[in-house]
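What follows is a short report on a single structure.
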Amino acid sequence: MKIATYNVNGVNGRLPVLLRWLEESRPDYVCLQELKAPEEKFPLQAINDAGYEAIWHGQKSWNGVAILSRHGLPVEVTRVLPGDPEDLHSRYIEAEVSGITLGCLYLPNGNPAPGPKFDYKLGWFERFALHAKQHIDSGKPVVLAGDYNVIPTGRDVYKPERWVDDALFRPETRAAYEKVISQGWTDALRALYPDETIYTFWDYFRDAFGRNAGLRIDHFLLSPSIKDRLKSAGVDKNVRGWEKSSDHAPVWIELKN
DNA sequence: ATGCCGTTTGAGAAACGA
């Protein structure tokens, strides 16, 4: 079983790239982030024609998350991150697929830091940690995939010293991520490739992709009861080089059945 | 060193992303 996550940075503007990648990669399940489309503008027909069913939570202009499935409609569990009825951002959706709970998240960026946006990020992170802990306590197989907007360590960025004051790499952010990991989650790509340089995002300018000046910020966290099924993982880096690409590349894992 | 580019909204410029 192949599960992928892809921050598309606009699902409609990205549609040709998304469809081409779906056809080439053929993941069983896909988590999408940054739809940047309201609920009614999700390109369901094109997704269906590509062989996928979908659930999604849209929002005008910003955010937006979706889960695609080649094996019937995902059974939606929730389309909000619990814990704050005031939070209206579309940043979390969760479904049951093939006996797995699959959470798709778009964690807030948090820049500039410090400031209200950074406070929102850390607050969202606390709620996410509570939700993740409930999954750990359930003992069930859970995959939490998406754009975490977290550079976990200095190994995950081309020049760490330039990012120390950035919301993606500040000590508070790394500590929040580490706190979630310490509940018992496995960072799938790092587990398989402990010493490799792996990036999932390259800025649009300064020829960041050409210089491989990237960040690893899209992650798969695996609960204890599923981590031993991890077979392989990777980044479809070539997609980042396509015309009209997102600034993120798709990331995927393969699980034993 | 820096939103330098890209997307969306809405019809030009601004907000936002990382």
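The sequence lines fix the lettering, A, B, ..., with proteins before strands; numbering per chain opens at 1.
- With distances taken from any side-chain atom of A/Y204 to the nucleotides B/dA1, B/dG6, B/dT7, the minimum falls on B/dG6.
- Among the atoms of the strands shown, only primed sugar atoms or phosphate atoms (P, OP1, OP2) are found under 4.0 Å from some heavy atom of A/D147.
- When the P atom is used for both B/dG10 and B/dA1, the distance is 38 Å, rounded to whole Å.
- Residue A/R206 places none of its side-chain N or O atoms closer than 4.0 Å to OP1 or OP2 of B/dT2.
- Using a cutoff of 4.0 Å between basic side-chain nitrogens and carboxylate oxygens, A/R20 and A/E24 are scored as salt-bridged.
- Using a 4.0 Å heavy-atom cutoff across all strands shown, A/K117 reaches sugar-phosphate atoms only and no base atom.
- A donor-acceptor distance shorter than 3.5 angstrom exists from the side chain of A/R91 to the backbone of A/Y106, with no hydrogens or angles considered.
- Residue contacts shown for A/D218 are absent, as no nucleic acid heavy atom lies under 4.0 Å away.
- By the criterion of a centre-to-centre distance under 5.5 Å and near-parallel planes under 30°, the ring of A/F205 forms a stack with the base of B/dC4.
- Summarising the geometry, the separation between CD on A/E39 and C1' on B/dT8 is reported as 17 Å, rounded to the nearest angstrom.
- Although no hydrogens or angles enter the test, the distance criterion places no donor-acceptor pair under 3.5 Å between the side chain of A/K2 and the main chain of A/Y29.
- The pair A/D166-A/R170 does not meet the salt-bridge criterion, since no charged nitrogen lies less than 4.0 angstrom from a carboxylate oxygen.
- Proximity of A/K36 to the phosphate of B/dG6: no side-chain N or O atom is located under 4.0 Å from OP1 or OP2.
- For the pair A/R14 CZ and B/dC5 C1', the computed distance is 11 Å after rounding to whole Å.
- Rounded to the nearest Å, the gap between the C1' atom of B/dA13 and that of B/dG3 is 16 Å.
- Residue A/K60 places at least one side-chain N or O under 4.0 Å from the OP1 or OP2 atom of B/dG10.
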